[in-house]
Amino acid sequence: MMPWYLNRRGEQLWYEERGAGCPVVLVHGWCMSSAVWKYQFDGLSASMRLLAPDLRGHGRSRQISGGLSFEGFANDLVDLLDALNLLRVVLVGWSMGAQIALQSFAGLSGRLAGMVLVSATPQFTASEDFPHALASNEANGMRLKVQRNTQRALEGFYSRLFAEGELENHSFRAEIKQLLSTIAAPDTDTVLKALDALAQTDMRELLSTITVPTQIINGAQDRICLPQASHYLKEHIPNAYQTVYNGCCHAPFLTQSQQFNAEITSFARSVCEQTA
């Protein structure tokens with residue numbers, strides 16, 4: 001099933017849904033769409049209920065009137081879970097989607113059984129008191145590349161999702177590249193506004209407020225959200241656990257999907273049963 005829902009602004013936003021059982025909501029990252037979760041829909045929907053929204057301005061959720069901010073992204077997520085009256089949810093956020101999960105926690109805490117933060121960081125741009133992130137000139141460089149040629153900039157970004165040799169030696173290499181190539185990029189204005197929101201946000205103050213079990217998953221060679229940022233999350237979120245994927249960069253759910261899916265299955269089973 002691939003339906004629409006109305007958010008609090010009266011905008012129609014898209015989400016995909018498949019399966020039955022413990023509800024697992026998958027939130028994609030910057031300039032992606034719900035399509036990026038193909039291996040999770042293929043591998044997990046037989047045993048749980050999977051839902052994946054297209055974030056505002058991304059995928060099919062293009063008819064929006066408001067801006068792009070983490071507050072807006074989070075409100076849309078709250079509205080989806082409210083519209084479907086989902087309870088005991090496992091919320092899985094990847095990259096920017098992990099920050100959206102953190103931002104939305106206050107509005108969702110009564111509905112969540114647990115969270116999984118994949119390739120995550122509380123702060124995308126480094127500062128004096130948070131060095132575990134990209135230098136500001138890297139974010140500025142990304143912005144300039146997008147302004148010059150959005151498609152080429154995104155192709156360069158996609159190549160950074162994988163460590164050296166990670167994709168080249170993968171049995172699903174062609175399939176993964178084909179999947180990424182079929183995800184339609186947002187328009188340039190959306191890309192820039194989402195990038196600005198990423199570059200400016202600092203969610204460290206939210207970490208101590210997370211009260212559900214939280215699984216942190218990251219690649220040991222992540223070049224986008226640095227491994228040290230995942231370690232920071234583990235240290236500052238109560239009741240957090242961490243799994244590090246060796247030889248993996250920013251997209252473990254693509255290149256190590258079997259292990260990732262097993263991790264999600266085990267975590268979802270433990271927290272859904274605890275709160276049932």
Side-chain angles (χ1 to χ4, degrees), residues 1-20 23-45 48-86 89-101 103-104 107-108 118-119 146 150-155 157-158 161 175-198 250-251 253-254 257:
M1 183 164 48
M2 293 174 280
W4 302 88
Y5 75 99
L6 282 178
N7 68 1
R8 68 191 68 186
R9 297 170 179 262
E11 300 164 332
Q12 274 200 322
L13 300 177
W14 176 270
Y15 70 101
E16 298 201 27
E17 180 179 357
R18 202 185 309 168
V24 176
V25 176
L26 305 160
V27 186
H28 66 78
W30 180 67
C31 293
M32 295 289 181
S33 77
S34 54
V36 82
W37 300 109
K38 168 183 165 50
Y39 294 127
Q40 284 61 61
F41 275 98
D42 289 351
L44 294 173
S45 58
M48 56 190 67
R49 182 182 179 187
L50 296 184
L51 304 100
D54 280 353
L55 298 174
R56 58 190 302 104
H58 295 67
R60 300 195 186 201
S61 299
R62 303 289 178 118
Q63 302 304 312
I64 58 171
S65 55
L68 276 84
S69 66
F70 277 100
E71 182 182 7
F73 286 131
N75 287 342
D76 292 341
L77 191 57
V78 171
D79 294 344
L80 172 62
L81 271 65
D82 284 351
L84 299 177
N85 193 27
L86 296 176
V89 173
V90 175
L91 181 59
V92 181
W94 168 52
S95 196
M96 186 176 81
Q99 290 176 308
I100 294 168
Q103 181 76 39
S104 66
L108 290 178
V118 185
S119 307
V146 169
T150 302
Q151 191 58 46
R152 189 175 299 166
L154 291 179
E155 287 170 2
F157 173 72
Y158 295 163
L161 297 178
E175 191 175 286
I176 291 171
K177 292 184 82 169
Q178 172 68 14
L179 171 62
L180 292 174
S181 72
T182 59
I183 296 176
D187 62 58
T188 299
D189 186 55
T190 295
V191 173
L192 290 171
K193 286 179 177 174
L195 183 58
D196 289 343
L198 268 172
H250 195 61
F253 60 95
L254 289 176
S257 60

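Note that the structure is a prediction, hence the values are computed from the model and not measured. Hydrogens, waters and symmetry mates play no part in the numbers below; they use all other heavy atoms, side chains included.
Looking at every heavy atom in both residues, Pro53 comes nearest to Ser34 through O-CB, 3.9 Å. The minimum heavy-atom distance linking Arg62 with Ala184 is given by the pair NH2-O, 3.4 Å. Closest approach of Leu26 and Gln40 over heavy atoms only: CD1-CB, 4.1 Å.
Counting heavy atoms of neighbouring residues, nucleotides and ligands inside a 6.0 Å radius, atom CD of Glu175 exceeds 12 of them. For CZ of Arg9, the number of neighbouring non-hydrogen atoms (other residues, nucleotides, ligands) closer than 6.0 Å is greater than 12. The 12-atom threshold is not exceeded at CD of Glu71, counting heavy atoms of other residues, nucleotides or ligands nearer than 6.0 Å.
With His58 contributing its side chain and Cys31 its backbone, the two residues share a donor-acceptor pair below 3.5 Å. Distance alone, capped at 3.5 Å, is enough to place a donor-acceptor pair between the Ser61 side chain and the Asp54 backbone. Gln63 places no side-chain N or O within donor-acceptor distance of the main-chain N or O of Gln12, the cut-off being under 3.5 Å. Thr150 places a side-chain N or O within donor-acceptor distance of the main-chain N or O of Val146, the cut-off being under 3.5 Å.
Atoms CG and CZ, on Leu77 and Arg56 in that order, are 12.5 Å from each other to the nearest 0.5 Å.
A salt bridge is defined here as a Lys NZ or Arg NE, NH1 or NH2 lying under 4.0 Å from an Asp or Glu carboxylate O, and Arg18 with Asp42 meets this definition.
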> Please walk me through it: do Leu13 and Leu80 pass side-chain contact (heavy atoms from CB on, under 4.5 Å)?
Replying inline: CA-CA 9 Å; Leu13 300 177; Leu80 172 62; over 6 Å; no
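Ring geometry for Tyr5 against Tyr15 counts as perpendicular: the plane angle is over 60°, on a 0 to 90° scale with 30° as the lower cut. Under the 30°/60° scheme for interplanar angles, the aromatic rings of Phe157 and His250 are found to stand perpendicular.
When the ring pair (Phe, Tyr, Trp, His ring centres under 6.0 Å) test is applied to Tyr39, the partners found at least two apart in sequence or on another chain are Phe172.
For the side-chain hydrogen bond (donor to acceptor under 3.5 Å, both in side chains) criterion with Arg8, the lone passing option out of Asp76, Asp82, Asp79 is Asp79.
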